[in-house]
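By convention here, the first residue in the shown sequence is residue 1. What you are looking at is a predicted structure, and each value in this text was computed from that prediction instead of being measured.
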Amino acid sequence: MNIFKYIMIAVVMITMASCKKDQYYLYNDIARIQFGPDIKLIYNANSALADTLKPFTFYYDAPEVTQDTVFFDIYAIGGVSKTDRPFTLEQEQLPNANNAVPGKHYIAFSDPKVSKLYVIKAGTVHTKVPVIVLRDPSLKTTTPVLKLNVVADASFQLGERKTLWRKIEITDRLSRPAAWTDSFSTYYYGAYSTVKHAFMISVTGQKWDQVFMSQLAIDLQDYYLSVVKTALINYNNAHPGDSLKDEKGQLVIFP
């Protein structure tokens, strides 16, 4: 009986392994395409869905800056090719949302100025997808969202469903950096508010944008936290009965 049990276990394990192999084979049968994390994180399972949303703001730029570029990583599945392989993007209109308008908030994916950039080069399986965002005056008061999807075409079929899209929130106002959405940053700085954000910029002279926060070393996290805490105490002492409040009327606090 014990021998039979071991045989059955072995059969089940072989069957499961075979099914898993078949599932992977499905993604190597033909050329497919999908978004992914930065290439440095490609083997980190926890980063599989990183960068699905990228907030972008022109807030820090000089007035003469009228456009900028947001990049996403994209991967070809199924091996390399000896020829360049263009891929296709399209905007998805989200219900009940302030959707970005092509030509107003970003350069349309079909525009020759950018469509020629959407290509997986020969001999490679990865590239950066440039999305050119535009500084429209409406961004001073609104934050439109751009959801972009990859589309099946002559070069590629689609990869995993959950990796076929990315989003950008575009504004010209102070906005929450993506780096302030994880539990680590929230542990250090607490709940986000634009008033708190602006206060930190004013006190430290740093931008506290995505680049700065994502590269900030832990020892500097402690230093800057002590600086802003002290500054907040001094501000509140200098304004008795009128402590610093955020845009919702809540007291600004740091952990």
For this session: Show the numbers, then the answer: is there a side chain to side chain contact (heavy atoms under 4.5 Å, CB included) between T66 and L134?
Result: CA-CA 6 Å; T66 58; L134 304 175; over 6 Å; no
Exercise. Do K128's NZ or CZ and the ring of F72 fall within the cation-pi criteria of under 6.0 Å and 45°?
Worked result: no
Problem set entry | In one Ile/Leu/Val/Met/Phe/Trp/Tyr side-chain cluster, 4.5 Å: V145, L148 | no
For this session: Would you verify whether the NZ or CZ of K140 falls within 45 degrees of the ring axis of Y59 while also being under 6.0 Å from that six-membered ring's centre?
Result: no
Seminar exercise, completed: In short, Q157 meets A152 closest at the heavy-atom pair OE1-CB, 4.0 Å
For this session: Rounded to the nearest 0.5 Å, what's the gap from CG on N234 to CG on N236? Could you check?
Result: 9.0 Å
Problem set entry | Short side-chain to backbone donor-acceptor contact, S243 and L251, under 3.5 Å | no
Problem set entry | Heavy-atom closest pair, residues P177 and W208 | CG-O, 3.3 Å
Exercise. Does N237 use its side chain to pair, donor to acceptor, with the backbone of I233 at less than 3.5 Å?
Worked result: yes
Problem set entry | More than 12 heavy atoms from other groups under 6.0 Å of CD1 on I253 | no
Problem set entry | Taking every non-hydrogen atom, the tightest pair across R85 and A31 | NH1-CB, 3.8 Å
Exercise. Are Q34 and I74 close enough, and set up right, to give a side chain to side chain contact (heavy atoms under 4.5 Å, CB included), and what steps lead you there?
Worked result: CA-CA 6 Å; Q34 62 189 49; I74 202 164; 6.0 Å; no
Problem set entry | Residue among E247, R176, R173 satisfying side-chain hydrogen bond (donor to acceptor under 3.5 Å, both in side chains) with T194 | E247
Problem set entry | Partner set under salt bridge (Lys or Arg N to Asp or Glu O under 4.0 Å) for D209, not counting sequence neighbours | none
For this session: Step by step, work out the side chain to side chain contact (heavy atoms under 4.5 Å, CB included) result for T127 and V119.
Result: CA-CA 8 Å; T127 193; V119 59; over 6 Å; no
Problem set entry | Heavy-atom pair with the smallest gap, counting every atom of D153 and P86 | OD2-O, 3.7 Å
Exercise. Quick one: OG1 on T69 to CZ on F56, what's the gap to the nearest 0.5 Å?
Worked result: 8.0 Å
Problem set entry | Among D246, V252, L174, the one residue meeting side-chain contact (heavy atoms from CB on, under 4.5 Å) with H197 | L174
Seminar exercise, completed: S138 and K104 have their tightest heavy-atom pair at OG-CE, 3.8 Å
Problem set entry | Any donor-acceptor N/O pair, K54 side chain to V70 backbone, under 3.5 Å | no
For this session: Test side chain to side chain contact (heavy atoms under 4.5 Å, CB included) on D68 and I132 and set out the steps.
Result: CA-CA 6 Å; D68 208 331; I132 299 178; over 6 Å; no
For this session: Check the surroundings of atom NZ in K245: do more than 12 heavy atoms from other residues, nucleotides or ligands lie under 6.0 Å from it?
Result: yes
Exercise. Are V101 and F58 connected, step by step, through hydrophobic side chains (Ile, Leu, Val, Met, Phe, Trp, Tyr) whose heavy atoms are closer than 4.5 Å?
Worked result: no
Exercise. Hey, any chance W165 and V131 share a hydrophobic cluster, counting ILVMFWY side chains that come within less than 4.5 Å of each other, even indirectly?
Worked result: no
Problem set entry | Interatomic spacing from CG in L164 to CG in L89 - rounded to 0.5 Å | 11.5 Å
For this session: Would you check if there is a donor-acceptor pair between the side chains of Q67 and Y106 at a distance under 3.5 Å?
Result: no
For this session: Answer with yes or no whether the hydrophobic clustering places Y187 together with Y223; edges join I, L, V, M, F, W, Y residues whose side-chain heavy atoms lie under 4.5 Å apart.
Result: yes
For this session: Report the relative orientation of the aromatic rings in F212 and Y224; use parallel for angles under 30°, tilted for 30 to 60°, perpendicular for over 60°.
Result: perpendicular
For this session: Hey, could you give me the CD1/CD1 distance between I120 and I33, rounded to the nearest 0.5 Å?
Result: 4.5 Å
Problem set entry | Rounded distance [0.5 Å steps], CE in M200 versus CD in Q206 | 10.5 Å
For this session: Without swapping roles, check the side chain of S202 against the backbone of A198 for a donor-acceptor pair under 3.5 Å.
Result: no
Exercise. Have E90 and N149 got a donor and an acceptor in their side chains that come within less than 3.5 Å?
Worked result: no
Exercise. Out of curiosity, T163 OG1 to I77 CD1, how far, rounded to the nearest 0.5 Å?
Worked result: 7.5 Å
Exercise. Applying the 4.5 Å side-chain criterion to the ILVMFWY set and letting contacts propagate, would M213 and Y60 be lumped into a single cluster?
Worked result: yes
Exercise. What about the rings of F87 and F109, do their centers lie closer together than 6.0 Å?
Worked result: no
For this session: Quick one: closest heavy-atom pair of T124 and K121, and the distance?
Result: OG1-O, 2.7 Å
Exercise. Taking the six-membered ring for Trp, is the centroid-to-centroid distance between Y189 and W180 below 6.0 Å?
Worked result: yes
Problem set entry | Parallel, tilted or perpendicular: ring planes of F199 versus Y235, cut at 30 and 60 degrees | perpendicular
